[in-house]
Number of protein chains: 2
Amino acid sequence: MKRPTTTAAAAPPAPRAAAAPAAPKGGPVAASRESAAAPRPRADAVRNRERILAAAREAFVEFGSAAPLDEVARRAGIGNATLYRHFPDRDTLVHHVVLFTTERVAASARAALAEEPDAFAALCRFTHSAADERIGALCPMLADGFDRDHPELLAARTALAEAVETLLAAGREAGLVRADIGAGDLMIALSQLSRPLPGTACFDTDRFAHRHLQLFLDGLRAPARSELPGSAATLEDLTWKTT
Amino acid sequence: MKRPTTTAAAAPPAPRAAAAPAAPKGGPVAASRESAAAPRPRADAVRNRERILAAAREAFVEFGSAAPLDEVARRAGIGNATLYRHFPDRDTLVHHVVLFTTERVAASARAALAEEPDAFAALCRFTHSAADERIGALCPMLADGFDRDHPELLAARTALAEAVETLLAAGREAGLVRADIGAGDLMIALSQLSRPLPGTACFDTDRFAHRHLQLFLDGLRAPARSELPGSAATLEDLTWKTT
DNA sequence: ACCGAAACGGGGAGACGGTCCCCGCTTGGC
DNA sequence: GCCAAGCGGGGACCGTCTCCCCGTTTCGGT
């Protein structure tokens, strides 16, 4: 859960070796001039990059997106200079953490949908694994200066939205999920319940988070046991927010 | 919080009129020397004191107990000097906010218990009104330097604990609340769901909070719809926490 | 095994933001 | 109508975070 060793999480800031064969042998010197600025990054640099993203994700969930960067570096077990070398400023780091997390959560939604035959079981599996993936790290996206409309993010967010909506729709159609809730309701409550209580790195969040998520999920089952105040929260309700 | 000035956090900054008749008319000058320092506070001072407590409660829920004090003053609609005059340092303010909130939440628990015939309805009423009372403002109590054992707080906390336990026990005995949850589970989830999402003073928390609380409450009903991981959280689990 | 270059870590200057005090003005209360 | 308690704004101090500099280590190719 804490080790993001799985996929090639995001577009690396150091342009990857994608264009490797682009440089013809004939002119290695000329190749180094412009397009072929892709000297495959060192193994330890890649490892550190992933450690930083994982550490930042935890720290952002705990302290918000204003978490001290030196603290992030400390948790990642690296020097602060290394952090700044990989991500020149805070905005860049936040951007990549959000992207990283969005993609991982979306992947877990698709996996749940594909692998669980029961629609409600799929919803449960997604919910618990999104908590483990620290979906709360997406909250900085709602903050003021964040570039919500960056193409990379837009794509990732759309994919996530689609997966979650599908998951919920399946549950509703199977008559297993009450009809008066929206994907926004799930995402908000999920973020809230999986966050550590403020000022308390101390007692382990996870022990309680999964209990309370399960209780919440029990409340989502059909038939509904009560009437809800207000109206269902859609995912648009989350991204819009007019400051 | 950072400064261990904790010692005197107790003394009420504005000695109330408790000792009002202590000053005999015969010697008003002599009276001002020591014991009778209880000149009934002015009406506007009392009003400001309450505004500060209310504003601080909101700010602490939103930013944690490290919220900028100038921000608290701004929300209270007063100058910062007035804030410091009422509460000489942050610890004192936090102390009084926690006390204030604890007492109000406990009162609402007792009211729910006394006035609602149905045990589950009482639990619902308490839950929603605790959210309105910003129970999340009690979280600073879990922070590092906080003097949890101050007599005033201890009494208030005990009263709150007793009321909540009674509320839950009534629900359990009536067979309306599942048996595998503790008061700690309720209080934690309640705090979490009623908190604003970080970095977002923007979209109104309350609109969603009550929906999600209601969903959570639906999950608390008997019969239980699932088996919970871990074990029930007691209220001791909340106050202990060994840093 | 060796070498060059890429990557790393620690320490510190600068800047930002929060705390808290000082002093002239306003307002409540007798 | 008096006067003292209470108020508000502005600013100096100070702790903290950011970000850069430079000597050292480690990777990866030959």
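Side chains of B:D185 and A:H212: a donor-acceptor N/O pair is present below 3.5 angstrom, by distance only.
Among C:dA7, D:dC7, C:dG28, the nucleotide with an atom closest to any side-chain atom of A:D44 is C:dA7.
A donor-acceptor pair is defined here as one N or O able to donate and one able to accept, closer than 3.5 Å; no such pair exists between the side chain of B:T82 and the backbone of B:I78.
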What N/O pairs connect the protein and nucleotides 2-6 of chain C at under 3.5 Å? Give each pair on its own line.
{"from": "C:dA6", "atom 1": "N3", "to": "A:R42", "atom 2": "NH1", "distance (Å)": "2.7"}

Taking only N/O atoms, report every protein-nucleotides 13-15 of chain D pair under 3.5 Å with atom names and distance.
none

Write out a two-atom table: protein N or O, nucleotide N or O from nucleotides 19-24 of chain D, distance below 3.5 Å.
{"from": "D:dC19", "atom 1": "N4", "to": "A:N80", "atom 2": "ND2", "distance (Å)": "2.9"}

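Considering all non-hydrogen atoms of both residues, B:G136 and B:V61 come closest at C-CG2, 3.8 Å.
Ion pair A:R157/A:E103 not flagged as a salt bridge, since none of the NZ, NE, NH1 or NH2 atoms sits closer than 4.0 Å to an Asp/Glu carboxylate oxygen. With respect to the salt-bridge test (charged N to carboxylate O, under 4.0 angstrom), the residues B:R207 and A:D237 qualify.
Atom CZ of B:R47 and atom P of C:dG29 are 9 Å apart (whole Å). Taking atom CZ of residue B:F63 and atom C1' of nucleotide C:dG17, one finds them 14 Å apart after rounding to whole Å. Spacing between atom CG of B:L83 and atom P of D:dG9 amounts to 13 Å, rounded to whole angstrom units.
Within 4.0 Å of A:A43, counting heavy atoms only, lie sugar-phosphate atoms of the nucleic acid but no base atom.
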*Take B:E62 and B:R57, measure what salt bridge (Lys or Arg N to Asp or Glu O under 4.0 Å) needs, and give me the verdict at the end.*
CA-CA 9 Å; B:E62 192 168 336; B:R57 185 180 56 173; over 6 Å; no
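Distances shorter than 4.0 Å separate some side-chain N or O of A:T82 from OP1 or OP2 on C:dG9. OP1 or OP2 of C:dC8 sits under 4.0 Å from a side-chain N or O of A:H86.
Residues that satisfy the side chain to side chain contact (heavy atoms under 4.5 Å, CB included) test with A:A81, not counting sequence neighbours, are A:R85. Every side-chain hydrogen bond (donor to acceptor under 3.5 Å, both in side chains) that A:S108 has, sequence neighbours left out, goes to A:S129. Scored by the side-chain hydrogen bond (donor to acceptor under 3.5 Å, both in side chains) test, B:R51 finds no partners at all (sequence neighbours excluded).
Partner of A:D206 under the salt bridge (Lys or Arg N to Asp or Glu O under 4.0 Å) criterion, chosen from A:R195, A:R211, A:R134: A:R134.
Environment of CD in A:E71: crowded, with over 12 heavy atoms of neighbouring residues, nucleotides or ligands closer than 6.0 Å.
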